[in-house]
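Notes follow the structure.
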Amino acid sequence: MSRATSATIHLGALRHNLRRLRELAPGAKLMAVVKADGYGHGLERVARALGEADAFGVACIADGQRLRAAGVTRRIVVLSGIDEPADIAEMHRLDLDSAIHHDAQIDWLAADRDTRPLRVWLKLDSGMHRLGFAPSQARDAYARLRALPNVDPAIGLMTHFANSDVFDDPQTAAQLRVFEDAFDGVPGERALSNSAAVLGWPAARGQWIRPGGLLYGISVVEGRSGADDGFRPAMTLSSKLVAINRVARGETVGYAGAWTCPEDMPVGVAQIGYGDGYPRSAAAGTPVLVGGVRAPIVGRVSMDLITIDLRGVPAARIGDRVVLWGEGLPVEEVAAHAGTIGYELTCGMTRRVRFLEDER
Ligand SMILES: *Cc1c(COP(=O)(O)O)cnc(C)c1O
């Protein structure tokens, strides 16, 4: 028998989440961010479910290639754009949009012999200091692009927020002002809002929103899960119990004896570990669902297995389904126990995890 560990992707949840985002940002076009293999949900599968998106945002040309090969005809925006001159031909071949965040990229375009117009998005660094032109250089960059015959004159304008998940953080309002000042009077469709900004910063909605996480039902707002705002988890990671052991009071469980039984108790063993992408950093107390009932893990996460305190689940039996996150257990909550965010967990599934899909 194959290993029980599987990630089920809920296509209905993906579609629901897209509709929910449209409800929250009426009138805005939606660029569905599907980088990192659709946040670990499977790029082609996600694109198929989100066929109603107005565009897709990817991290690299290779992802654009996969989407085109899968028959996606919508606009596809490569969020960091061309990395070298040869990428321009590839962008044309695949009909991709390129973000432009650096002078070097404009130089490559200026030197390119292909006269076909490339669609571009000018990226401003409004304060995150990762990719983008400084505010003082943004107009100049726009003018340079606009003067190039091989650049489509409908240049999009974008920036990215560093702290939009903290709704009372003044940084987002400050970044928004920097963006508005830098592009005051500059024509072009604006795209600013990641998922958290769609929730918390309605003023930042331009013509486009650019969410990733919420499409998968995942929130990065601390203490909240996507469900709190009407989203549904798009991945359920599950496995099963392969052993239930009675362990005596005072005995320790797992590597390094990191957990000591306070009494004689049942300890369940489930077939999932960091070799599957379940985080080793998940501390004792991280919840799982055993047959639908919450129970905390105890001891260290191993490569293939975890151990579970079954004192609260007396009916547990070998073979019971164990849910690590998803329906009934937000990945955001598990991530908080592991000192990370939900995105990192769904992105981290390894190749031995079986991917299934359903219409839920
Ligand atoms: C990842 C990313 C997004 C989406 O962010 P979420 O928090 O997942 O909504 C949007 N824009 C850019 C440039 C990104 O890198």
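Remember, it's a predicted structure, so these values are computed and weren't measured experimentally. Just so you know, ligand 1 is whichever comes first in the structure, and atom 1 is the first atom listed for that ligand.
The atoms of ligand 1 that sit less than 4.0 Å from any heavy atom of Pro211 are 9 (O). Ligand 1 places these atoms under 4.0 Å from at least one heavy atom of Lys123: 13 (C). Close contacts of ligand 1 with Asn194, meaning ligand atoms under 4.0 Å from a residue heavy atom, involve 5 (O), 6 (P), 7 (O), 9 (O). Heavy-atom proximity to Arg210, at under 4.0 Å, picks out these atoms of ligand 1: 3 (C), 4 (C), 10 (C), 11 (N), 12 (C), 13 (C). The distance from ligand 1 to the heavy atoms of Ser195 drops below 4.0 Å at these ligand atoms: 6 (P), 9 (O). Which parts of ligand 1 touch Arg130 is read off a 4.0 Å heavy-atom cut-off, strictly below it: atoms 15 (O).
From the protein, the heavy atom lying nearest to atom 2 (C) of ligand 1 is Lys35 NZ, 2.5 Å. Given atom 7 (O) of ligand 1, the protein heavy atom at minimum distance is Tyr343 OH, 2.8 Å. Of all protein heavy atoms, the one lying nearest to atom 8 (O) of ligand 1 is Tyr39 OH, 2.4 Å.
Between Gly213 and ligand 1, at least one pair of N/O atoms sits closer than 3.5 Å.
A donor and an acceptor atom, one from each side chain of Ser164 and Asn194, are located under 3.5 Å apart. A donor-acceptor contact closer than 3.5 angstrom links the side chains of Arg210 and His160.
Taking the six-membered ring for Trp and thresholds of 30 and 60 degrees, Trp325 and Tyr278 have nearly parallel ring planes, at less than 30 degrees apart. Classified by interplanar angle (parallel below 30°, tilted 30° to 60°, perpendicular above 60°), the ring pair Tyr39/Tyr216 is parallel.
Distances from ligand 1 to the non-hydrogen atoms of Ala196 include no value under 4.0 Å. Not a single heavy atom of Met31 sits closer than 4.0 Å to an atom of ligand 1.
In this structure, Glu251 does not pair ionically with Arg246, as no charged nitrogen and carboxylate oxygen lie closer than 4.0 Å. Looking at Glu44 and Arg66, a side-chain N of the basic residue comes within less than 4.0 Å of a carboxylate O on the acidic one, giving a salt bridge.
In Glu344, the CD atom is not crowded: 12 or fewer heavy atoms of neighbouring residues, nucleotides or ligands sit closer than 6.0 Å. Remark: Arg354 CZ is packed, more than 12 non-hydrogen atoms of other residues, nucleotides or ligands lying under 6.0 Å away. The neighbour count for His102 NE2, taken as heavy atoms of other residues, nucleotides or ligands under 6.0 Å away, does not exceed 12.
Only side-chain heavy atoms of His160 come within less than 4.0 Å of ligand 1; its backbone N, CA, C and O stay farther off.
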